[in-house]
Amino acid sequence: MNKLRHFVSLLDLSSSELRGLIARAIELKNHRDPNYQPLKGQLLAMVFEKSSTRTRISFEAGMAHFGGSALFLSPRDTQLGRGEPLRDSAKVISSMVDCIMLRTDKHETVTTFAEHSSVPVINGLTDQEHPCQLLADMQTYFELRGDIQGKTVAWIGDGNNMCHSYIHAASLLDFTLHIASPAGYEPQAAYVDAAGARIKCFAKPLDAAQGADLVVTDVWASMGQEEEQAQRVAAFKDYQVDRQVMQAAKADALFMHCLPAHRGEEVSAEVIDGPQSVVFPEAKNRLHAQKALLEFLLCQK
Ligand code: CP
Ligand code: NVA
C-alpha cells in the first residue's frame, strides 16, 4: 500500500517533487486530453471557513476535468460549525471521499485534519501558509522565464501566509528572497530562520526590489483582519508596489499577486494592469498546478 501523502505545507514536497509537479502542470496545460480521466468517480470534499473565488473554482474545475467531482462544504451548513471535534469530522469525511481540501482560519485545523484523515488533505490557505498558490506562481515563472534557481524574488508587504509559503519555495527551489515589511508585520522568525541565508530582510521596498527577477505582494489586511484595515493602511503606506519599485527591479522582472488585489493600496493600478504583470496567467495556473497536485496525491503508482 502507498504511503498516505498530504499537502499541508509546500515543504511536504521535496525539491525534485516540486520541480516534477511544476513540469507536469505545464504538460497538463499544454496537452489537455479530455479522455484522460484519472479521477473518474472520485470525490474531493472542499471545506471553506473563508471566502474564495480562485481556489474553489480551480479545484472544482480540476476534479471535473479529471472525471471526478467536488463537494463544497461550508461550516455554516455542517456540524463543523457547531463544534463537532475536528478529529471526528476528519475520520467521518475521509471515510466517504477520496481527498479533502480545507481553507481555514487556524493552520492547526488543517494539520489536525491531516493527522486523523484516511485520505490526502490539501491546505487551501490558512492563517500561516498558502502552498497551492505557490504551485501556480512557480509554474508561471518557469513558463515565462525558465528555472527560478539562483534568481532573486522581492516580497513587498505583509509577512503573511503567502510570504511564509514564498520562504518555503525559496528553500525548495534555491532562489534568494528579499523581504520588505513594515516593523511589526514581518514574517514569523521560525520561517525566516529555517530558510537560512537565502532570506534577506530589508526596511525599504526599493532596497528589496533592487535587481529582482520577480516582485510579489499581497493585500495589507488578509481575510479575518478586516477590523485592522485602518491601522494597516497607516503602517503599510510606504509599501506599495509602484512604478519606482518596479524600476528598481530588473528590466524584465515580472509582477505577481495572488489576488484579490486592492489597486491603490498594495499595488498601483499602473503596475498590476501594466506589461510586467502576470497576475491573470498566474490565477489561471491555479487550475493546472492543482490538477498536477491531485494527480500526484491520488494517482501514485
Ligand atoms: N488567490 C486565492 O487563493 O484566491 P481565492 O481567495 O479567490 O481562492
Ligand atoms: N493573504 C491573503 C491571501 C488571499 C488569497 C489572505 O489570507 O486573505
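In each ligand, atom 1 is the first atom listed, and ligand 1 is the first ligand listed.
- Under the 4.5 Å side-chain criterion, counting only non-hydrogen atoms from C-beta, H262 is not in contact with Q229.
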Filter the ligand 2-protein atom pairs down to N or O on both sides and distance under 3.5 Å, then list them.
from     : atom 1 : to   : atom 2 : distance (Å)
ligand 2 : 1 (N)  : N160 : ND2    : 3.4
ligand 2 : 1 (N)  : N161 : OD1    : 2.9
ligand 2 : 1 (N)  : D218 : OD2    : 2.6
ligand 2 : 1 (N)  : S222 : OG     : 2.7
ligand 2 : 7 (O)  : N161 : ND2    : 2.8
ligand 2 : 7 (O)  : S222 : OG     : 3.4
ligand 2 : 8 (O)  : M223 : N      : 2.8

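- Around atom CZ of R32, more than 12 heavy atoms belonging to other residues, nucleotides or ligands sit under 6.0 Å away.
- Q276 places no side-chain N or O within donor-acceptor distance of the main-chain N or O of V271, the cut-off being under 3.5 Å.
- C163 places none of its side-chain heavy atoms less than 4.5 Å from the side chain of D218.
- Ring-plane geometry between F66 and Y36 is classed as perpendicular, the angle between the planes exceeding 60 degrees on a 0 to 90 degree scale with a lower cut at 30.
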One line per pair, note the atom names and distance for all nitrogen or oxygen contacts under 3.5 Å between ligand 1 and the protein.
from     : atom 1 : to   : atom 2 : distance (Å)
ligand 1 : 1 (N)  : Q133 : OE1    : 3.0
ligand 1 : 1 (N)  : C258 : O      : 2.9
ligand 1 : 1 (N)  : L259 : O      : 3.0
ligand 1 : 1 (N)  : R286 : NH1    : 3.4
ligand 1 : 3 (O)  : T55  : OG1    : 3.1
ligand 1 : 3 (O)  : R103 : NH2    : 2.9
ligand 1 : 3 (O)  : H130 : NE2    : 2.9
ligand 1 : 3 (O)  : R286 : NH1    : 3.0
ligand 1 : 4 (O)  : R54  : NE     : 2.8
ligand 1 : 6 (O)  : R103 : NH1    : 2.8
ligand 1 : 7 (O)  : T53  : N      : 2.7
ligand 1 : 7 (O)  : R54  : N      : 2.8
ligand 1 : 7 (O)  : R54  : NE     : 3.1
ligand 1 : 7 (O)  : R54  : NH2    : 3.1
ligand 1 : 8 (O)  : S52  : OG     : 2.6
ligand 1 : 8 (O)  : R54  : N      : 3.4
ligand 1 : 8 (O)  : T55  : N      : 2.8
ligand 1 : 8 (O)  : T55  : OG1    : 2.7
ligand 1 : 8 (O)  : R103 : NH1    : 3.4
ligand 1 : 8 (O)  : R103 : NH2    : 3.3

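- The backbone N or O of V121 sits less than 3.5 Å from a side-chain atom of H6, completing a donor-acceptor pair.
- The backbone N or O of G68 lies less than 3.5 Å from no partner atom in the side chain of Q42, so there is not a single donor-acceptor pair.
- Taking the six-membered ring for Trp and thresholds of 30 and 60 degrees, H178 and F202 have ring planes inclined between 30 and 60 degrees apart.
- Stacking of R56 on the aromatic ring of F72 is recorded, both the 6.0 Å distance cut-off and the 45° axial limit being met.
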